[in-house]
Amino acid sequence: MAPSFESKIVLITRAGSGIGRGASINLAKLGATLALTDINGASLSTRHRSSEYISVIISNYNRIGHIFNCAGINGVYQSTMFNTNAKGFLNITRACIPYLKSGASFLNPTSAFGISPGANFAVSCATNAAVIGFSMSMALELGPRGVRTNTIAPGAVRAPTNMQVIAGEPEDIMDVVAFLFSYEWRCMNGSAAKLIGAFQQK
């Protein structure tokens, strides 16, 4: 049975495309109230903008239940990749923490390259591995408060910044996203789930 997210406030970054969009549609169907941003709408790579955005959510809803930290990119300048893929996760996490109660959770999407590196993708591998290490540390720090942090590491999934090799559609992993947020999977904390389906990362 699919989990219910009635009365849950879910923040999703980069919700306009890829797995952010897929998660938004699926979680809305499951009853969640969504707070959405997209990479073109607000830069989350600066601490001030992230804090400002979270303050707006709190003023509107008075709480945050789950965070799908989805603003990763690839195939662009190295500094932009590090700012978005690494600093963006840090800033939005730091801004959310003061408002989270027991039962809340983070889910940080990264890439299978963060677990299984590949040639010619060194910067992408480095930024994705950073997200996994950061998430595991957050799981240890926030776990005693009842706040979970997990990571999903899909293979190539259709998105505007990832159109060269397509292994799957965003919808292929949406059930995993919902269940990792749900009470039924409350035992999952500090995990990095590699989601490659029939695609084998080389």
Side-chain angles (χ1 to χ4, degrees), residues 1-38 44 53-54 57-58 60-72 88-89 92-112 114-115 128 131-155 157-159 168-197:
M1 184 175 68
S4 173
F5 289 88
E6 295 291 340
S7 78
K8 300 294 184 183
I9 309 299
V10 182
L11 163 62
I12 303 177
T13 62
R14 202 176 182 208
S17 62
I19 61 176
R21 182 177 183 274
S24 300
I25 294 171
N26 191 49
L27 290 170
K29 290 178 180 177
L30 296 174
T33 298
L34 304 180
L36 308 177
T37 186
D38 193 75
L44 302 179
Y53 179 63
I54 298 306
I57 296 173
I58 295 302
N60 288 335
Y61 301 110
N62 200 37
R63 66 191 188 281
I64 300 175
H66 303 289
I67 300 94
F68 194 42
N69 231 340
C70 200
F89 281 89
I92 205 72
T93 299
R94 180 164 45 194
C96 287
I97 286 174
Y99 304 105
L100 300 181
K101 298 180 180 180
S102 180
S105 66
F106 290 93
L107 184 55
N108 296 330
T110 179
S111 163
I115 298 174
N128 284 293
V131 171
I132 294 173
F134 173 77
S135 300
M136 290 182 173
S137 293
M138 287 294 97
L140 294 172
E141 293 181 25
L142 300 177
R145 292 176 44 182
V147 176
R148 299 180 296 117
T149 307
N150 291 294
T151 306
I152 56 170
V157 175
R158 188 180 301 278
E169 300 293 337
E171 293 77 13
D172 296 337
I173 61 174
M174 291 305 103
D175 288 340
V176 178
V177 172
F179 277 105
L180 282 172
F181 276 143
S182 71
Y183 177 79
E184 287 79 3
W185 281 32
R186 60 194 178 278
C187 64
M188 296 288 287
N189 188 35
S191 68
K194 189 175 180 181
L195 308 176
I196 58 174

Holding to side-chain contact (heavy atoms from CB on, under 4.5 Å), I want the full list of residues that pass it with Ala192, two or more places apart in sequence or in another chain.
Ile115, Ile132, Met136, Thr151
Below 4.5 Å, heavy atoms only, C-beta onward: do Thr93 and Ile67 meet side chain to side chain?
no
Applying side chain to side chain donor-acceptor pair (under 3.5 Å) to Arg94 and not counting sequence neighbours gives Asn91
Asn108: what forms a side chain to side chain donor-acceptor pair (under 3.5 Å) with it, not counting sequence neighbours?
Asn69, Ser135
Interatomic distance, Thr149 atom OG1 to Phe89 atom CZ [nearest 0.5 angstrom]
12.0 Å
If you round to the nearest 0.5 Å, how far is OG of Ser182 from CE of Met188?
10.5 Å
Can you tell me how far apart CG (Asn189) and CG (Asn150) are? Round to the nearest 0.5 Å.
6.0 Å
Rounded at 0.5 Å granularity, tell me how far CG in Leu107 sits from CD1 in Ile19.
8.0 Å
Output the distance between atom CG (Leu11) and atom OH (Tyr53), rounded to the nearest 0.5 Å.
5.0 Å
The side-chain contact (heavy atoms from CB on, under 4.5 Å) partners of Thr33 (sequence neighbours excluded) come to Ile9, Tyr61
Which atom names give the shortest non-hydrogen contact between Ile12 and Gly20, and what distance separates them?
CG2-O, 3.8 Å
Hey, are the side chains of Ile97 and Met138 touching, using non-hydrogen atoms and a 4.5 Å cut-off?
yes
Can you name the closest pair of heavy atoms from Thr13 and Cys70 and give their distance?
OG1-N, 2.6 Å
Provide the full list of side-chain hydrogen bond (donor to acceptor under 3.5 Å, both in side chains) pairs with a residue in residues 21-30, sequence neighbours left out, each pair given once.
none
Who are the side-chain contact (heavy atoms from CB on, under 4.5 Å) partners of Ile58, not counting sequence neighbours?
Ile54, Ile64, Tyr99
By side-chain contact (heavy atoms from CB on, under 4.5 Å), which residues pair with Ala104, not counting sequence neighbours?
Leu100, Val147
Are the side chain of Thr110 and the backbone N or O of Asn128 linked by a donor-acceptor pair below 3.5 Å?
yes
Of all heavy-atom pairs between Phe5 and Ala178, which one has the smallest distance, and what is that distance?
CZ-O, 3.3 Å
d(Tyr183 OH, Lys8 NZ) to nearest 0.5 Å is 10.5 Å
Any side-chain heavy atom of Arg145 within less than 4.5 Å of one from Ser102?
no
For Phe181, check ring-ring contact (aromatic ring centres under 6.0 Å, His included) against everything at least two apart and list the hits.
His66
Given side chains that start at C-beta, do those of Ile152 and Phe68 come closer than 4.5 Å, heavy atoms only?
yes
